[in-house]
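Structure first, then comments.
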Protein chains: 2
Amino acid sequence: MYEPSTSSEKSSEDQQRISDRGGALEAKLGHYLALTYSERDALRWLERRERTFEAGSIVIREGEETALLHIVASGWLHGSKQLPDGGRQILRFYFLGDLTSTFSIAWNVSAATLTAVSDCTLFELPRDALGRLFRDHPRLGGLLYAVSAAEQVAMAERLTSVGRTDALTRVSTLLLDIRAQLRVVDGENGSVFELPLTLQDLGDAVGLTNTHVSRTLKNLEERGLVERDGRIIRIVDVDELTRLVDYHDRLTHVATDWLP
Amino acid sequence: MYEPSTSSEKSSEDQQRISDRGGALEAKLGHYLALTYSERDALRWLERRERTFEAGSIVIREGEETALLHIVASGWLHGSKQLPDGGRQILRFYFLGDLTSTFSIAWNVSAATLTAVSDCTLFELPRDALGRLFRDHPRLGGLLYAVSAAEQVAMAERLTSVGRTDALTRVSTLLLDIRAQLRVVDGENGSVFELPLTLQDLGDAVGLTNTHVSRTLKNLEERGLVERDGRIIRIVDVDELTRLVDYHDRLTHVATDWLP
DNA sequence: CGCGTATTTGAAAGGGCTCAAACGTTGTGG
DNA sequence: CCACAACGTTTGAGCCCTTTCAAATACGCG
């Protein structure tokens, strides 16, 4: 059913010189903090083993033994948990510069399944490379800690949405969330974006069935809050929707004044 | 309604010499890793400003400006988010040795409300004390990062429970979760514990109404899975319930082999 | 003892689910 | 380039789990 694809060798426009991809993590962390030359260098050293995965393929499966972390160099992924009854919960999405350490740093097996949503390129690094980074660049360690905390708050926000709000709010916050993350990657592309997710995926992210996500999106369209054209989503009025569902962006700004 | 209590001065058996309370964080982290003398010393240095809060009082409110972190020295707290419609989501509980940095390290305001469930004692420390810890003791920084990752996975587990399982499973996993955390604190106290939470609290933690939590607990009793006597909870067969609801303890073991 | 707060229980409503079928879309192979 | 298969989406009807609303009961505490 699912085929973990290894190193696909497509010669499309995706094919670039490897060095062009470097600096994903550096770019993300540099967004929060002015990095020194040696810090930049250390971050680039993490990005040497590159690997590509095609859309739909699984990078690591929940419960699978692994000593590797990944940095997203291009594309889009999600982390999910499987339930005994066949259900699935999508926990979060990963974009350019994200470090997928959360689910594999604290154990020798992965605590979640990592799936490529679009074709994507990842840098693989051994766990202890991160240990060395903490040792040699404690300020980066602290920054990683802060970013991890911000991501945890983002997940807390999703938990709140899933636990205590109705379908319309849940789907809306997810759309706003994805848009906010994509905006960092793609720059200021406003309120239109491609959503390469099935209704099943969306439902698994917000705790609804695909059928009900369908109805909810229809509802959002009828209210004039969202427009759809195939996989293209347009949020008609971002500010209005943000207010309506009380959405909070937790990832754009992170305090770093407490770092040494 | 809620009264933030400052420094209550009760002279019950809780009243001990201050130095007796120290080492909460040290004890917790020492559980995962053999600490050096200087690391222990550094951790104790964080625990100097002690403050007590009585049950029900609020330590920090969501949105309130703060530059402080807290280490739990005794008692029991929870972190929660408020919704515009009056609803509330409890995000996690905090016990002895827990560091409440997640919601206040990445911004200058707290991202959640921190409430004392029982009477409790906290150590207050400024955020930049943690920055210095990362600088001077990078191995502890890495360990804090790993522990934070484990806690994030625990929250992911709750999200999965709330998003994709029925009431009985949600309540059961919460009980097992609380028991697992208390067990670390109180030692091997088996399957009986006091639960100083209202049904409203339980519901806010798992995304149910208090009425339905009541019915669900009754259901658990009727099935012979749980016994109740006032606030005392007894899980009849922990292993059986663990299997039944596919619960995973994420906090007891954390990999540290990757640290420098 | 009496009051406020938490719990329990009941009846009815509703939001979201299940099941099922029809309809689009995409990609592939003849 | 069409046909078909596979997959995703939409829509409908009925049901069920959880909520809502309300009232009664139990509990703790001054």
Side-chain angles (χ1 to χ4, degrees), chain A residues 1-3 10 12 54-57 83 85-90 115 117-119 161-172 174 194-223 226-233, chain B residues 1-3 10 12 54-56 83 85-90 117-119 161-172 174 194-223 226-233:
Chain A
M1 181 180 265
Y2 288 110
E3 289 264 290
K10 34 187 339 207
S12 65
E54 47 184 53
S57 65
L83 283 105
D85 67 0
R88 183 180 67 158
Q89 175 71 45
I90 291 179
T115 308
V117 169
S118 64
D119 288 346
S161 165
V162 170
R164 305 262 79 160
T165 74
D166 62 13
L168 197 126
T169 307
R170 291 192 217 176
V171 172
S172 301
L174 182 65
E194 193 192 340
L195 194 69
L197 299 171
T198 65
L199 296 181
Q200 182 69 52
D201 293 335
L202 293 173
D204 286 344
V206 296
L208 296 169
T209 55
N210 53 0
T211 47
H212 203 63
V213 173
S214 173
R215 287 188 242 263
T216 304
L217 283 171
K218 190 182 161 199
N219 188 349
L220 280 168
E221 283 186 300
E222 284 166 357
R223 293 185 184 214
V226 166
E227 290 169 3
R228 270 187 301 169
D229 180 19
R231 294 184 146 176
I232 304 297
I233 294 279
Chain B
M1 184 179 262
Y2 288 110
E3 290 265 289
K10 33 185 340 203
S12 65
E54 46 185 53
L83 283 105
D85 66 0
R88 182 180 68 158
Q89 175 70 45
I90 292 180
V117 170
S118 65
D119 288 346
S161 165
V162 170
R164 305 262 79 159
T165 74
D166 61 14
L168 195 126
T169 307
R170 290 191 219 176
V171 172
S172 300
L174 181 65
E194 193 193 340
L195 194 69
L197 299 171
T198 65
L199 296 181
Q200 182 68 52
D201 293 334
L202 293 173
D204 287 343
V206 297
L208 296 168
T209 55
N210 53 359
T211 49
H212 202 63
V213 172
S214 173
R215 288 188 241 265
T216 305
L217 284 171
K218 190 182 161 198
N219 188 348
L220 281 167
E221 284 187 298
E222 285 166 357
R223 295 185 184 214
V226 165
E227 289 168 5
R228 270 188 302 170
D229 180 20
R231 291 183 149 176
I232 305 297
I233 294 278

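All of these numbers come straight from a predicted model, not from anything done at the bench. Throughout, a chain's letter reflects where its sequence line sits, starting with A, and its residues are numbered from 1.
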B:Leu168 atom CG is separated from D:dC16 atom P, nearest whole Å, by 18 Å

Regarding the side chain of A:Thr198, the nearest nucleotide among D:dT18, D:dT9, C:dG16 is D:dT9

Rounded to whole Å, the CG-P distance (B:Asp85 to D:dT19) equals 13 Å

Closest heavy-atom pair, A:Leu208 versus A:Ala167, reported as atoms and distance to 0.1 Å, is CD1-CB, 3.7 Å

B:Leu197 atom CG is separated from C:dA6 atom C1', nearest whole Å, by 13 Å

Think A:Thr209 has a side-chain N or O under 4.0 angstrom from the OP1 or OP2 of C:dC17?
-> yes

The nucleotide from D:dT10, C:dG16, D:dT11 with an atom nearest the side chain of A:Arg228 is D:dT10

Heavy atoms of A:Ile90 and A:Asp201 approach each other most closely as CD1-O, 3.4 Å

- Task: Mind checking A:Gly203 for me? I need base, sugar-phosphate or nothing, with any heavy atom below 4.0 Å counting as a touch.
- Result: nothing

Would you say a side-chain N or O of B:Arg164 is under 4.0 Å from OP1 or OP2 of C:dG16? no

Item to complete: Output yes when a side-chain donor or acceptor of B:Arg88 lies under 3.5 Å from a complementary backbone atom of B:Ala205, and no otherwise.
Response: no

A:Thr211 has its side chain closest, among C:dA6, D:dT11, C:dT9, to D:dT11

From the candidates C:dG16, D:dT19, D:dT10, the one with an atom nearest any side-chain atom of A:Leu208 is C:dG16

Taken to the nearest whole Å, CD/A:Glu222 to P/D:dT11 is 9 Å

I'd like to know if the side chain of A:Asp119 reaches the main chain of A:Ala55, judged simply by a donor and an acceptor atom lying under 3.5 Å from each other, with no hydrogens or angles considered. yes

When rounded to whole Å, the CG to C1' distance for the pair A:Asp166 and C:dG14 reads 12 Å

Note to self: Need one value for B:Asn210: base, sugar-phosphate or nothing, where a base atom within 4.0 Å counts as base even if backbone is also close, heavy atoms only.
What the structure shows: nothing

| said: Suppose we call a contact any N or O donor and acceptor under 3.5 Å apart; does that hold for the side chain of A:Arg215 and the base of C:dT18? | reply: yes

On a heavy-atom basis, the closest approach of B:Gln89 and B:Val206 is NE2-N, 4.4 Å

Taken to the nearest whole Å, CG/B:Asp201 to P/C:dT7 is 8 Å

Hey, does the side chain of B:Lys218 come within less than 4.0 Å of C:dT9's phosphate (OP1/OP2), counting only N and O? yes

A:Ile232 CD1 to C:dT25 P, in whole Å, measures 14 Å

Atom CD of A:Gln200 and atom P of D:dT9 are separated, to the nearest Å, by 9 Å

